[in-house]
Each structure stands twice: as structure tokens, then as C-alpha cells.
Amino acid sequence: MAQDSSSNRPMPQKYRRNRTKFTKEQLKILIDTFNQMPYPGYATRLRLALEIDTEEPRIQLWFKNRRARYSFQKRGEQKEALESSQDPGQDHLPEQIPHEQVRQCRTIYSRSQLHALIKAFRKNPYPGIHCREQLADDIGVPESKVQTWFQNRRSRSGVQRKKKIPDESFGQGQG
DNA sequence: CCTAATCTTATCAGGCGCGGCCTGATAAGCCCATTAGG
């Protein structure tokens, strides 16, 4: 049943989701796919998730992190390759990256789902993994959707976590 | 330490309904985001 939900929790025991540990075989498949297709669409990600027995959001995140590291790592090599072939006419643009353009279907939230999301957001715009999973379970959507919803919501409602604003605050002086 | 998880920002794109708004999904982060867990 419902446990304490409106209690103020000083600090969640664990905010982040458990770190995923890929096996070598999983990594081999991931890397192999990445080399051919750094921007897999949803269908491909799903297939990969099934193949290596993990969740699609893990796949998506892995590709994102991989791209972030791989791109700048390869920076020098590409430049070298370009200089090698001094051809005025573009023969082989590196932009032929196969973006699979197939996005995941847009989620249509019902009124009650939105209500639950908004309510949770007002309570805490930065829910930890447990909170997100609980909410996802409550309204019947994957946790990754909840995370995306919160990110978009934060972005568009200006509740961004106060970074390190020196002292521009409107407060009446910190004691 | 390595790198998965997280955050912000910007942009693409689907649904609705008829021009453009709302908002979910995706990508990048710059001398290459930051944080933190095994």
C-alpha cells in the first residue's frame, strides 16, 4: 500500500540509478554497432537492448556518452585525413552519418497522468531514481519518460537548480 | 580511475487544427558539461 509519501526526506539514500556494468561481450556488440551507426534510431536501440539483455535507455545513454568521448578523440585523425586528400570537390563528406531519423513515438499523457506529474514536480523538481520509478509505476509509463518529462518541465519553467550564483540573490543578506 | 548517470540548453518534430502553439524526443556540452559509483 501507500507508504509515507508526503514526508520530508532530508536526503534520499540513493539519488542515482545503479551504475550499469556492461560485459565485454555486450561492449563488443555496442562498439561494433557504434562504428557502423553512431546514431541508432529507436527500433535499433530496442533491438540492441534485446540482444544484449538490457534496457533501451541504457543503450541510448551509452551511445550518447560514446559519441561525446569518441568525437573529440577522433578529431585529429579526421583532420589528417582531410589534408591528405586535397580535393576541391567534396567527394566523401563525413556527414553521411546514418541518422536513423526514427524517433520514439511521442507520448501522449492523459490528464490524470499529467496531474500526477505536475503534482510531483511541485513537490520536488529533482526526483531521484526511486521517486521517478515510483511515479512511473503509478502512472504506468517507463521511468525514462518520467525523466524526460522532468527535464523538459524544468527547462521550461525556470526552476533550474541554482548553480553557484555568488550573491545576486534577493535574500536579505546571508547571516 | 573510468565512465554511467545526471543536468542544462537548444532544436527537431508530432498532434492539433489551419498558422502556429504546446510539448515530447533527441543531441550536445568546447579547448570538449558535471557528478559520483563500483
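Every chain is numbered from 1, with letters handed out A, B, ... down the list of sequences.
Below the 3.5 angstrom threshold, one finds a donor paired with an acceptor across the side chain of R156(A) and the base of dT11(B). A donor-acceptor contact under 3.5 Å is not formed by the side chain of N18(A) with the base of dA5(B). Counting atom types as modelled, R69(A) pairs no side-chain N or O with a base atom of dC32(B) as donor and acceptor under 3.5 Å. R153(A) contributes no side-chain N or O that forms a donor-acceptor pair with the base of dT23(B) under 3.5 Å.
Side-chain nitrogen and oxygen atoms of Q104(A) include none within less than 4.0 Å of the OP1 or OP2 phosphate oxygen of dG24(B). Remark: R67(A) is not in phosphate contact with dT26(B), judged by side-chain N or O atoms under 4.0 Å from OP1 or OP2. Taking side-chain N and O atoms only, T148(A) has no distance below 4.0 Å to OP1 or OP2 of dT26(B).
Nucleic acid contact for R17(A): sugar-phosphate only, since backbone atoms but no base atoms lie under 4.0 Å from a heavy atom of the residue. Within the 4.0 angstrom heavy-atom criterion, base atoms lie near S155(A). Using a 4.0 Å heavy-atom distance criterion, R66(A) is classed as making no nucleic acid contact. Nucleic acid contact for Q151(A): base, since at least one base atom lies under 4.0 Å from a heavy atom of the residue. Nucleic acid contact for K21(A): none, since no nucleic acid atom lies under 4.0 Å from a heavy atom of the residue.
Minimum interatomic distance between R45(A) and E56(A) (heavy atoms only, all atoms of both residues): NE-OE2, 2.5 Å. Closest heavy-atom contact between T33(A) and F63(A): CG2-CZ, 4.1 Å.
Remark: C1' of dT6(B) and CG of N152(A) are 15 Å apart, rounded to the nearest angstrom. If you measure from atom CZ of R154(A) to atom P of dA25(B), you get 15 Å, rounded to the nearest angstrom.
Aromatic ring pairs are classed by plane angle as parallel below 30°, tilted from 30° to 60° and perpendicular above 60°; the pair Y70(A) and F34(A) is perpendicular.
Every residue meeting the salt bridge (charged side-chain N to carboxylate O under 4.0 Å, His left out) condition with E143(A), not counting sequence neighbours, appears here in chain and number order: R17(A), R132(A).
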